Amino acid sequence: MRAVVMVSAVVLAAAVLSGCKSTSSAPNAPANVGAGQQTSAASGATPQSPLTGSAALQVLSQLPIKAAGSMNGYSRDQFGSAWTDDNNAPGGHNKCDTRDDILRRDLVDVKPATGCQIESGTLHDVYTGKSIDFVRGPKSSVVQIDHMVPLGNAWITGAQGLAADKRKDLANDPRNLEAVDGPTNEAKGDSDAAAWLPPQQSYRCTYVERQVNVKQIYGLWVTQAEHDAMANLLKSC
């Protein structure tokens, strides 16, 4: 009887060890893989908003409507170092700065095909419909990274009340970022949807849907004029 018990114990222990080994060796995707770690096959995949049409309208109806706050105290530094990887937004802490993450996500035919820094590629610009050649160097500003909800607008619609780390996340969140035509980005400035929309009309629905999504995520409000412009557009989407 003792021999049978010993054999059973050995068999049970082996089974447990086998099960543990199988579980621990199962492949797991990294918890925080950013765009800079993707292959070139993933490049050019412009993000769509998880909110579309009526869903975006519903979320918009739940955003607070308030007067714009003051720009007092605003500076880019209030949102952390530009393009820092030290953030907790999706893709943060992946050892690539945010600008390179977004370039790799939004450009096609990027070189090199892997790694962080992009040396060249082509942008099919969602704001204008143009195709723009990007080459790192003195003329690389032809492609810029736009904040869908501009940081200045975010500041006057609630971001000044956020913790510093949360503002840093907002500034580096890929859901709020898009590689676009540089001059068009500069013309937009800190304008909200009541004052500026992408020249390419076919992207306007997605643009506003993404703005609504970001404002919901970070607890920002909209002004009455901004709300009305967004609502009127979304009703046609």
Side-chain angles (χ1 to χ4, degrees), residues 35 44-71 74 79 89-90 98 102 105-107 123-132 142-162 166-167 169-237:
T46 298
Q48 300 297 313
S49 172
L51 302 174
T52 57
S54 60
L57 265 174
Q58 178 64 26
V59 171
L60 176 61
S61 71
Q62 297 168 358
L63 295 180
I65 300 175
K66 301 181 184 181
S70 170
M71 284 293 284
Y74 171 78
F79 292 82
T98 305
I102 301 304
R105 183 194 70 185
D106 293 348
L107 272 59
L123 174 70
H124 299 308
D125 180 36
V126 295
Y127 283 2
T128 64
K130 298 188 299 186
S131 292
I132 305 168
V142 295
V143 173
Q144 298 177 12
I145 309 302
D146 180 40
H147 291 93
M148 305 297 256
V149 175
L151 299 186
N153 174 264
W155 181 257
I156 63 175
T157 59
Q160 58 186 282
L162 298 177
K166 203 66 174 176
R167 289 198 298 269
D169 293 345
L170 168 60
N172 290 279
D173 193 324
R175 293 168 293 191
N176 193 36
L177 299 174
E178 186 73 30
V180 298
D181 173 60
T184 303
N185 181 46
E186 292 171 4
K188 170 186 170 178
D190 286 322
S191 299
D192 64 17
W196 190 92
L197 290 170
Q200 181 159 253
Q201 294 189 12
S202 61
Y203 191 71
R204 289 181 176 180
C205 286
T206 299
Y207 177 79
V208 170
E209 288 161 357
R210 290 180 66 184
Q211 284 191 324
V212 170
N213 187 45
V214 170
K215 292 220 167 194
Q216 178 194 39
I217 291 170
Y218 288 94
L220 306 179
W221 68 76
V222 290
T223 66
Q224 187 67 62
E226 183 182 15
H227 170 275
D228 293 349
M230 286 177 157
N232 289 336
L233 178 68
L234 290 172
K235 288 173 184 176
S236 68
C237 296

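Positions are given from 1, in the same order as the sequence printed here. Since this is a predicted model, take the numbers as computed values, not measurements.
- Residues Leu234 and Leu60 have side chains in contact (heavy-atom distance under 4.5 Å, counting atoms from C-beta outward).
- Heavy atoms only, all atoms of each residue included: Pro174 and Arg210 are closest at O-NH2, 3.5 Å.
- Aromatic ring orientation, Tyr127 versus Tyr203: tilted (interplanar angle from 30° to 60°).
- If you check the side chains of Asn176 and Tyr218, you find no donor sitting under 3.5 Å from an acceptor.
- Summarising the geometry of His124 relative to Ser131, their closest heavy-atom pair is ND1-OG, 2.8 Å, with the distance given to 0.1 Å.
- Looking only at distances, a side-chain donor or acceptor of Asp125 sits under 3.5 Å from a matching main-chain atom of Asp181.
- You'll find the side chain of Val180 stays beyond 4.5 Å of the side chain of Asp106, heavy atoms only.
- Classification of Arg105 and Glu178 as a salt-bridged pair holds, one side-chain N sitting under 4.0 Å from a carboxylate O.
- When side chains are defined from C-beta on, Cys237 does not count as touching Thr52, because their heavy atoms never get closer than 4.5 Å.
- When side chains are defined from C-beta on, Leu51 counts as touching Gln216, because their heavy atoms get closer than 4.5 Å.
- Contact annotation: the side chain of Asn153 approaches that of Lys215 to within less than 4.5 Å [non-hydrogen atoms, C-beta and beyond].
- Within the 4.5 Å cutoff, side-chain heavy atoms of Tyr74 are placed close to those of Leu151.
- Shown here for Lys188 and Tyr207, the closest heavy-atom pair between the two residues is NZ-OH, 2.8 Å.
- Donor-acceptor pairing under 3.5 Å is recorded for the side chains of Asp228 and Gln224.
- Ile156 and Trp221 get closest at one heavy-atom pair: O-CZ2, 3.3 Å.
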